[in-house]
Amino acid sequence: MRVLVTGASGFLGHAVCAVLNERGHEPLALVRRQGSEPQDARAIQGDLVDAQALTDAVKTAEPEVVVHLAAEIATQRDLAKIAAVNIEGTRRLLAACKALDSPRFVFASTVVTGDAHGRVLTEDEPLPVETAYGRSKQVGERLVRESGLPHVIIRPSHVYGPGGWYAEEIVKRLRQPGRLAVIGRGDNWWDVVHVDDVAAAIVQSAEADTSAATYHVVDDEPITQYDFIAVTAQTLGRGAPHRVPAWLARMVAGTDPIAAVLRSAKSANAKIKRELGWAPRYPTAQQGVPAAISRLIGRSAG
């Protein structure tokens with residue numbers, strides 16, 4: 001099937017396009033400029049903030065499925081950009097899809113929206129929402145549900161792997177002198193998931209007959225922020241990570257990004273396992289982190 005992927009040039013987008021190819025599908029990458037698409041995807045030029053260009057791109061692609069990954073993330077401090085891309089961009093994309101033959105729509109949301117104070121989050125209850133990014137994703141979910149399109153909403157947790165924020169914010173900093181990585185005490189719970197497992201869940205959702213479904217995508221065992229970073233440090237052959245006070249981190253990075261780090265929550269993955277037969281290739285961070293580090297080191301050596 002033809003699958004139009006927004007955000008294909010990003011960390012998760014590359015992984016999704018790779019899985020689509022592996023499973024015999026045709027990934028089409030919505031890009032603002034030619035050449036930024038993954039090597040295993042065909043570029044379709046368009047822009048989420050340009051309604052006409054977006055409509056033309058969807059018409060050109062004629063997708064059977066649209067996978068919507070593109071978003072401004074929690075580190076974006078410009079609230080107007082978050083709204084323009086995450087909310088209005090989603091609204092424009094849905095309108096472009098409805099103007100055609102109503103392709104299946106897979107929306108990448110997030111379960112990382114606010115502090116649950118360590119409780120287990122399921123798809124049957126409202127999420128705690130505390131950040132502009134989290135609010136924008138919740139609005140995006142509502143727009144998808146109200147669109148009338150056949151759809152699946154995927155809510156990954158903290159997505160790590162050989163790239164993205166994990167490579168830049170965790171691995172890179174652990175390799176530097178000082179090893180400042182853990183914010184606060186680090187005893188807050190993180191529900192983490194390897195990027196390859198998220199990509200598999202998204203492609204399985206694109207292939208499935210189910211509709212109007214929402215799934216949490218996390219590995220099998222939550223881990224504290226400190227222990228996740230400590231596993232990474234140990235895999236890198238570094239000493240135990242240091243801590244930085246939360247107030248100081250907020251001054252440097254801003255309130256919302258630090259709220260996402262300090263959030264304490266566990267999430268259940270039983271529903272997607274039961275309904276789609278999804279199972280994480282890396283059930284725990286103890287298995288997934290070494291695999292991610294190995295690929296990062298391999299790329300550096302290459």
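Heavy atoms only: backbone and side chains are in, while hydrogens, waters and symmetry mates are out. None of these values were measured; they are calculated from a predicted model.
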Counting C-beta onward and ignoring hydrogens, is there a side-chain heavy-atom pair between T224 and W189 closer than 4.5 Å?
yes

L296 versus P162: any side-chain heavy-atom pair under 4.5 Å?
yes

Might you confirm whether atom CZ of R119 has over 12 heavy atoms from other residues, nucleotides or ligands at distances under 6.0 Å?
yes

Side chains of D187 and Y226: does their closest heavy-atom pair fall under 4.5 Å?
no

Residue pairs meeting ring pair (Phe, Tyr, Trp, His ring centres under 6.0 Å), one or both in residues 73-99, sequence neighbours left out, come to none

Residue pair D256, R135: steps toward the salt bridge (Lys or Arg N to Asp or Glu O under 4.0 Å) verdict
CA-CA 11 Å; D256 280 8; R135 286 188 290 273; 5.1 Å; no

Check ring pair (Phe, Tyr, Trp, His ring centres under 6.0 Å) between F11 and all other residues, then give those that pass, not counting sequence neighbours.
none

Is V58 close to L93 at the side-chain level, that is, under 4.5 Å between some pair of heavy atoms?
yes

Heavy-atom side-chain contact between P27 and V67 under 4.5 Å
no

Are V289 and V192 packed together at the side-chain level, in the sense that at least one heavy-atom pair is separated by less than 4.5 angstrom?
no

Taking the side chain as everything from C-beta on, heavy atoms only, tell me whether I87 gets closer than 4.5 Å to L143.
yes

Could you tell me whether the side chain of L30 reaches within less than 4.5 Å of the side chain of L54, counting heavy atoms only?
yes

Option passing salt bridge (charged side-chain N to carboxylate O under 4.0 Å, His left out) with D191 (candidates R155, R263, K266):
R263

Got more than 12 heavy atoms from elsewhere within 6.0 Å of NZ, K59?
no

Answer yes or no: does atom CD of E123 have more than 12 heavy-atom neighbours from other residues, nucleotides or ligands under 6.0 Å?
yes

In this structure, which one of K137, H68, R142 forms a side chain to side chain donor-acceptor pair (under 3.5 Å) with T90?
H68

Residue list, ring pair (Phe, Tyr, Trp, His ring centres under 6.0 Å) with H194, at least two apart or on another chain
Y160, Y282

Electrostatic pair E88:R92 at N-O distance under 4.0 angstrom:
no

